[in-house]
Asks: 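One structure, as structure tokens, below. Some questions next.
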Amino acid sequence: MKCRRCGHKASINMRQHKLALCKDHYLEWILSQTERIIGKYKMFTHQDQIVVAVSGGKDSLALWDVLSRLDYNVEGLYIGLGINGGISYSTKSRSYCEEFANLQKSKLNIVEINKELDNTIPELSKQSSRGRGKPCSVCGLTKRHIMNRFAIDKGYDVLVTGHNLDDEVATLFNNTLNWSTGYLQRQSPVLESTHPGLIRKAKPFCRFYERETAAYALLRGIQYIYDECPYAVGAKSIYNKALLNRLEVDRPGAKLSFYLAFLKAKEEGFFTQKGESNINLLNTCPSCGGPTTVIGECAFCRMVTKVNQGNK
Ligand code: Q46
Ligand code: ZN
Ligand code: ZN
């Protein structure tokens with residue numbers, strides 16, 4: 001297989017794009033496509049201060065690398081979850097982020113949940129009624145809260161995450177199976193801030209397949225954590241991804257067209273129901289000043305209050 005641009009040996013063949021490229025042209029293609037996606041969805045500009053949430057995995061580190069190479073003002077944010085059973089997941093993931101930041105000479109901000117809340121995620125989860133013993137619900141809620149608060153407090157313009165097409169399509173598939181119109185309404189490459197305490201969010205890799213971001217990380221020599229979080233085993237999203245991979249093998253491009261058709265339907269006003277009013281009618285949490293859909297404390301503060309009450 002030869003590179004479409006220069007005729008040298010191709011490093012990657014993207015069946016869904018009918019495009020094979022050599023290493024240099026592939027790395028160039030990822031940069032130009034990312035720039036195109038940022039512009040198409042009006043995610044941010046070169047004047048904006050950007051913070052990228054990094055986990056030590058390939059997607060977030062590749063995204064940080066791409067944004068730096070495109071000359072955006074970008075810093076990293078790592079949230080230490082204290083998940084260290086067995087494979088020392090959090091310790092390892094933090095050190096991959098630190099090594100990357102050192103090599104790039106970029107600033108990495110670190111927030112350790114343990115220091116913020118006097119509890120690691122597994123401890124918090126044991127004391128909370130959320131998630132029936134599985135820490136993912138507590139973890140997701142806490143991460144979202146901490147990322148948002150950090151970005152707002154430090155005055156960034158936008159928070160970006162390394163979600164790729166496979167992540168987005170797995171979420172879309174799950175939300176479609178349940179017809180969760182509120183979630184479908186909110187799923188988007190860019191989420192505007194609709195409250196002074198809510199940061200604008202963007203996902204510049206939302207149209208890249210996971211194998212494309214993995215190939216980028218590999219070809220750039222980015223060192224990243226291969227291990228999954230131990231709690232990811234058996235997650236619904238992993239099951240959905242496996243199903244969608246089978247579909248993609250038989251119909252190359254099926255994931256991308258599912259996602260793009262969804263965005264088009266949304267643009268045409270297909271999901272303008274209750275979910276939309278929820279977004280626009282955000283209240284302010286009296287404890288943290290963050291946004292909440294209910295009157296009173298936000299879900300995060302309610303969880304922390306309950307855990308603290310249980311400990312008294
Ligand atoms: S980190 Fe946290 Fe994930 Fe681990 S505990 Fe679950 S939600 S699986 S992205
Ligand atoms: Zn080439
Ligand atoms: Zn709150």
Side-chain angles (χ1 to χ4, degrees), residues 1-14 19-30 32 53-60 78-90 92-94 113 116-117 119-126 128 130-149 152-153 161-164 166-167 170-171 195-198 219 225 227-239 241 282-308:
M1 185 83 49
K2 288 187 175 165
C3 171
R4 164 99 68 87
R5 304 265 158 85
C6 68
H8 287 126
K9 191 174 173 286
S11 291
I12 184 164
N13 179 27
M14 293 171 284
L19 183 65
L21 293 171
C22 68
K23 176 182 170 183
D24 289 350
H25 283 121
Y26 181 67
L27 294 177
E28 219 172 73
W29 181 81
I30 288 280
S32 63
V54 285
S55 64
K58 64 184 182 322
D59 299 298
S60 55
Y78 172 78
I79 300 180
L81 305 169
I83 297 175
N84 270 328
I87 57 160
S88 298
Y89 174 74
S90 289
K92 274 194 198 172
S93 56
R94 176 175 164 158
I113 300 269
E116 289 283 304
L117 302 173
N119 266 316
T120 61
I121 290 292
E123 285 164 357
L124 205 57
S125 161
K126 271 187 218 147
S128 165
R130 285 184 78 97
R132 295 180 212 99
K134 256 214 125 190
C136 291
S137 161
V138 166
C139 181
L141 180 66
T142 308
K143 277 193 293 194
R144 281 192 300 277
H145 177 85
I146 300 269
M147 283 192 282
N148 182 65
R149 200 180 64 197
I152 288 286
D153 288 351
T161 53
H163 291 95
N164 59 40
D166 294 62
D167 299 323
T171 303
H195 181 281
L198 184 65
L219 293 173
I225 186 164
D227 306 305
E228 291 265 15
C229 168
Y231 298 111
V233 178
K236 208 171 12 177
S237 58
I238 292 184
Y239 178 79
K241 278 184 181 176
L282 287 176
N283 300 302
T284 301
C285 169
S287 301
C288 69
T292 167
T293 49
V294 295
I295 308 268
E297 283 192 319
C298 69
F300 173 79
C301 291
R302 282 202 308 273
M303 173 191 74
V304 171
T305 306
K306 268 197 202 160
V307 166
N308 289 342

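All ligand and atom numbering here is 1-based and tracks the order in the structure.
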Asks: Would you say the side-chain atoms of R302 pair up with the backbone N or O of E297, donor to acceptor, closer than 3.5 Å?
Replies: yes

Asks: Under 3.5 Å, is there a donor-acceptor pair between the side chain of S128 and the main chain of L124?
Replies: no

Asks: Backbone N or O of I121 within a donor-acceptor pair of the S125 side chain at under 3.5 Å?
Replies: no

Asks: Determine whether a donor-acceptor pair (N or O, by modelled atom type, separation under 3.5 Å) exists between the side chain of N308 and the backbone of T305.
Replies: no

Asks: Is the number of heavy atoms from other residues, nucleotides or ligands under 6.0 Å of K134 NZ greater than 12?
Replies: yes

Asks: Run the side-chain contact (heavy atoms from CB on, under 4.5 Å) check on W29 and R4 step by step: do they pass?
Replies: CA-CA 12 Å; W29 181 81; R4 164 99 68 87; over 6 Å; no

Asks: With side-chain contact (heavy atoms from CB on, under 4.5 Å) as the test, would you mind laying out the steps for F300 and R144 before giving the verdict?
Replies: CA-CA 9 Å; F300 173 79; R144 281 192 300 277; over 6 Å; no

Asks: Give a yes or no answer on whether the side chain of S60 reaches the backbone of S55 with a donor-acceptor pair at less than 3.5 Å.
Replies: yes

Asks: Whether the side chain of N283 engages the backbone of V294 through a donor-acceptor N/O pair (distance < 3.5 Å, no angle test) should be reported.
Replies: yes

Asks: Which protein N, O or S atoms lie under 2.8 Å from atom 6 (Fe) of ligand 1, given by chain and residue number?
Replies: C136 SG

Asks: Should K143 be listed as contacting ligand 1, given a heavy-atom distance under 4.0 Å as the test?
Replies: yes

Asks: How long is the gap from NE2 on H195 to OG1 on T284, to the nearest 0.5 Å?
Replies: 3.0 Å

Asks: Mind checking how many protein N/O/S atoms fall short of 2.8 Å from the Zn ion (ligand 3)?
Replies: 4

